[in-house]
Amino acid sequence: AVAVAVTAVYKHWFVRPELPQEGAAAQIDWGDGIQPRAGGARKSDAYYTVLILGRDTGGGGNTDTMLLASYDVTNQKATVMSIPRDTMVNVSWDVKKINSVYNANGCGDEGIQALYKEISQLVGFAPHYQVVLEWEAVGKIVDAMGGVWFDVPYTMDYHDPLQSLVIEQEKGYRLLTGDDAMQVIRWRKNDKDSPYGYHNGIGDAGRMEVQQNFLKAVLQQLMQPSNVMHLSELAGVFQESVETDLTLQNILWFGKQALSGGLSLDNVTCLTMPWKSAEAYSYSYGDYLKYVVPIPDQLLEIVNTQLSPFQETFTLRDLDIMSVNADGSLSSSAGHLEDSRAAAPVTTPSAPADTAQTAEETPQMPEEEVPPSSDSSDSTSSGSSGSSSGSSQSSASSGGSSGSSQSSASSGGSSGSSQSSGSSGGSSGSSQPSGSSQPSGSSGSSSGSSQSSGSSGGEVQTPPAEEGTEGGFILIDPAS
């Protein structure tokens, strides 16, 4: 009788998600664009992909956090790729930043489905499931866990009365509350009069790195058996603040598989989509706007080896990757543009180098066409995975001044360190998990370079100091 009862409870609380051949892709009108792959021979019989979107209800509902995750349950490997919010996508309207898609399609469910479509076409396959988190849910999850140990990489000192936003966080390794965690993952720069520096900030690239390291800290601590005691609190947060086509029982099944299957952080890779900066003419602004565009070969390699659930190898024609031509016209690797006007050469004068927009100067788009722009400095995307490492390099230039930025991330198992402005800060806990994080960068107006690298459990190397830097860190244009 006891065995029957246990079996019944197990079947009720842990339900394996189905792997439909078509999934959400069957419900979407792909128009004349590419239809992402939704079926075929799989790499394993339990290989799942999930699109995770973070929605900032306090900032107008912008979906500024976009993560594409894969979890190979059979082989216990996972990858999480961040997609920069200024990524250029193949849409019919003038400003083609990916974070314009949600608002341009009326927000709500229609906005989410439109964003799902664009990301699916960008990577060439349709994710099986989607999860939409309100920003507040992150803090609630942390509180439900009893807090998260994390090595805060910078002293954070930012205040925005218009948003009633206060970010005051001390650098170092400590137990974060839900409110602390919300401040840490939202921060990009300090106040202009802050005594702690970083007045120009770390930009979107640096913020995505902090978010990735924080995510790994949360995952590591969620997989501790002690969190079984917090299941009811976590379930409450899930039902209140998460929109998804996965059930709570499905998510618990994933957690059980990670625990019983022995998933370790060494087999969880967090990385940022490889990108380089670009500028494209906006007819509604009458000026050039800054974007980031994927580095095709590097993104294709990540899709084939770490994200796609299918055995069949993708080619660039399977992905919808945008690029800017020398004459100012746009192209897509898929061979089709939703905006026919963008295919024509730009005949207006080139934007002077000293008037190129920075993130702080980018105005609001009319009629909710796009949320405020992020920084568009060139980025080094980095992923950390305890068992492997790699590096690649790409660059692009198009007149004006040039800039580059680098960031690297490393996540360890039992101790952590963090360094900024040349000082050593975080304390470490002898039995608590932590990571280390150290970004740097510089920004130019219209050309740049990009590197992609992985780190493997060792020290994060401090970049050499350059002219115009502080403590070995090159300051980059701020993101609002």
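Please read all numbers here as calculations on a predicted model, not as lab measurements.
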A.B. asks: Within this structure, what is the CZ-NZ distance for the pair Phe150 and Lys216, rounded to the nearest 0.5 Å?
C.D. replies: 11.5 Å
A.B. asks: Evaluate the criterion side chain to side chain donor-acceptor pair (under 3.5 Å) for residue pair Gln121 and Asn90; output intermediate values, then yes/no.
C.D. replies: CA-CA 9 Å; Gln121 291 181 318; Asn90 194 354; over 6 Å; no
A.B. asks: So, using ring-ring contact (aromatic ring centres under 6.0 Å, His included) as the criterion, who are the partners of Phe125 when residues are at least two apart?
C.D. replies: none
A.B. asks: With a 3.5 Å distance limit and no angle check, can you tell me whether Asn105 reaches the backbone of Val101 through a side-chain donor-acceptor pair?
C.D. replies: yes
A.B. asks: How close do Trp93 and Ala104 get, counting heavy atoms only, and between which atoms?
C.D. replies: CZ2-CB, 3.7 Å
A.B. asks: Taking side chain as C-beta onward, heavy atoms only, is Pro17 less than 4.5 Å from Phe254?
C.D. replies: yes
A.B. asks: Determine whether His199 and Asn190 satisfy the following criterion, side chain to side chain donor-acceptor pair (under 3.5 Å), listing intermediate values before the conclusion.
C.D. replies: CA-CA 5 Å; His199 306 133; Asn190 283 339; over 6 Å; no
A.B. asks: Show the numbers, then the answer: is there a side-chain contact (heavy atoms from CB on, under 4.5 Å) between Val50 and Gln130?
C.D. replies: CA-CA 5 Å; Val50 181; Gln130 50 192 308; 5.8 Å; no
A.B. asks: Just so I know, are the side chains of Glu168 and His159 near enough to count as touching, which here means a heavy-atom distance under 4.5 Å?
C.D. replies: yes
A.B. asks: Does Glu240 come within less than 4.0 Å of Lys140, counting only side-chain N to carboxylate O?
C.D. replies: yes
A.B. asks: Determine, step by step, whether Leu122 and Asp320 satisfy the side-chain contact (heavy atoms from CB on, under 4.5 Å) criterion, reporting the C-alpha distance in whole Å, the side-chain angles of both residues, the deciding distance to 0.1 Å, and the verdict.
C.D. replies: CA-CA 5 Å; Leu122 174 68; Asp320 198 345; 5.6 Å; no
A.B. asks: Only counting residues at least two apart or in another chain, list the ones meeting salt bridge (Lys or Arg N to Asp or Glu O under 4.0 Å) with Asp297.
C.D. replies: none
A.B. asks: How close do Val80 and Leu67 get, heavy atom to heavy atom, and via which atoms?
C.D. replies: CG1-CB, 4.0 Å
A.B. asks: Would you say that Gln211 contacts Ser82 through its side chain, given a criterion of any heavy-atom pair below 4.5 Å between the two side chains?
C.D. replies: no
A.B. asks: Should Leu53 and Leu51 be marked as a side-chain contact (heavy atoms from CB on, under 4.5 Å) after you check the CA-CA gap, both sets of side-chain angles, and the distance that decides it?
C.D. replies: CA-CA 7 Å; Leu53 304 173; Leu51 176 62; 4.0 Å; yes
A.B. asks: For Leu175, check side-chain contact (heavy atoms from CB on, under 4.5 Å) against everything at least two apart and list the hits.
C.D. replies: Trp149
A.B. asks: Can you find a heavy atom in the side chain of Val324 that is under 4.5 Å from one in the side chain of Leu330?
C.D. replies: yes
A.B. asks: Between the side chain of Gln221 and the main-chain N/O of Ala217, is any donor-acceptor distance below 3.5 Å?
C.D. replies: yes
A.B. asks: Return the minimal non-hydrogen interatomic distance between Val346 and Gly328, and the atom names on each side.
C.D. replies: CG2-O, 3.4 Å
A.B. asks: Determine whether Val293 and Trp275 make a side-chain contact, defined as any pair of heavy atoms from C-beta on separated by less than 4.5 Å.
C.D. replies: no
A.B. asks: Does the plane of the ring in Tyr198 sit parallel, tilted or perpendicular to the ring in Trp187? Use 30° and 60° as the thresholds.
C.D. replies: perpendicular
A.B. asks: Just checking, any donor-acceptor pair under 3.5 angstrom between side chains of Gln212 and Thr272?
C.D. replies: yes
A.B. asks: Are the side chain of Asp94 and the backbone N or O of Tyr283 linked by a donor-acceptor pair below 3.5 Å?
C.D. replies: yes
A.B. asks: Does Tyr154 have its ring centroid less than 6.0 Å away from the ring centroid of Tyr196?
C.D. replies: no
A.B. asks: Between CG of Asp179 and CG of Asp143, what distance do you get to the nearest 0.5 Å?
C.D. replies: 8.5 Å
A.B. asks: Apply side chain to side chain donor-acceptor pair (under 3.5 Å) to residues Asp180 and Gln183 and explain how you reach the verdict.
C.D. replies: CA-CA 5 Å; Asp180 291 333; Gln183 293 181 38; 4.7 Å; no
A.B. asks: Please answer whether the main-chain N or O of Phe238 pairs with a side-chain N or O of Ser241 as donor and acceptor at a distance below 3.5 Å.
C.D. replies: no
A.B. asks: How long is the straight-line distance from CE of Met66 back to CD of Glu118, given to the nearest 0.5 Å?
C.D. replies: 11.5 Å
A.B. asks: What distance do Ser332 atom OG and Ile321 atom CD1 have between them, rounded to the nearest 0.5 Å?
C.D. replies: 8.5 Å
A.B. asks: If you take all heavy atoms of Ser92 and Glu338, which pair is closest and at what distance?
C.D. replies: N-CB, 3.8 Å
A.B. asks: Can you find a heavy atom in the side chain of Met81 that is under 4.5 Å from one in the side chain of Ile83?
C.D. replies: yes
A.B. asks: Using only atom types and a distance under 3.5 Å, with no angle test, would you say the side chain of Lys171 pairs donor to acceptor with the backbone of Asp151?
C.D. replies: no
A.B. asks: Just how far is it from atom CG of Asp157 to atom NZ of Lys189, taken to the nearest 0.5 Å?
C.D. replies: 12.5 Å
A.B. asks: Less than 6.0 Å separating the ring centroids of Tyr288 and Tyr281?
C.D. replies: yes
A.B. asks: Going by heavy atoms in the side chains, are Met273 and Thr87 under 4.5 Å from each other?
C.D. replies: yes
A.B. asks: side-chain contact (heavy atoms from CB on, under 4.5 Å) for Leu271 and Gln306? Distances and angles first, verdict last.
C.D. replies: CA-CA 11 Å; Leu271 51 84; Gln306 296 179 274; 3.8 Å; yes
A.B. asks: When you measure from the side chain of Asp339 to the backbone of Arg341, do you find a donor-acceptor pair of N or O atoms at a distance under 3.5 Å?
C.D. replies: yes
A.B. asks: Could you give the distance from OG (Ser323) to NZ (Lys276), rounded to the nearest 0.5 Å?
C.D. replies: 7.5 Å
A.B. asks: Going through the checks in order, is the side chain to side chain donor-acceptor pair (under 3.5 Å) test met by Arg174 and Gln169?
C.D. replies: CA-CA 11 Å; Arg174 55 197 171 83; Gln169 292 296 316; 2.6 Å; yes
A.B. asks: Below 4.5 Å, heavy atoms only, C-beta onward: do Leu307 and Thr79 meet side chain to side chain?
C.D. replies: yes
A.B. asks: Does the distance from a Lys or Arg side-chain N to an Asp or Glu carboxylate O, for Asp204 and Arg188, drop under 4.0 Å?
C.D. replies: yes
A.B. asks: Where the side chain of Ser120 meets the backbone of Tyr116, is there a donor-acceptor pair that is under 3.5 Å apart?
C.D. replies: yes
A.B. asks: Ignoring hydrogens and geometry, is there a side-chain-to-backbone donor-acceptor pair from Asn99 to Pro84 under 3.5 Å?
C.D. replies: no
A.B. asks: Look at the side chain of Lys96 and the backbone N and O of Val91, then say whether any donor-acceptor pair between them is shorter than 3.5 Å.
C.D. replies: yes
A.B. asks: Restricting to non-hydrogen atoms, name the atom on Pro294 and the atom on Pro296 that form the minimum distance, rounded to 0.1 Å.
C.D. replies: O-CD, 3.2 Å
A.B. asks: Any side-chain to backbone donor/acceptor pair from Thr49 onto His128? Under 3.5 Å, distance only.
C.D. replies: yes
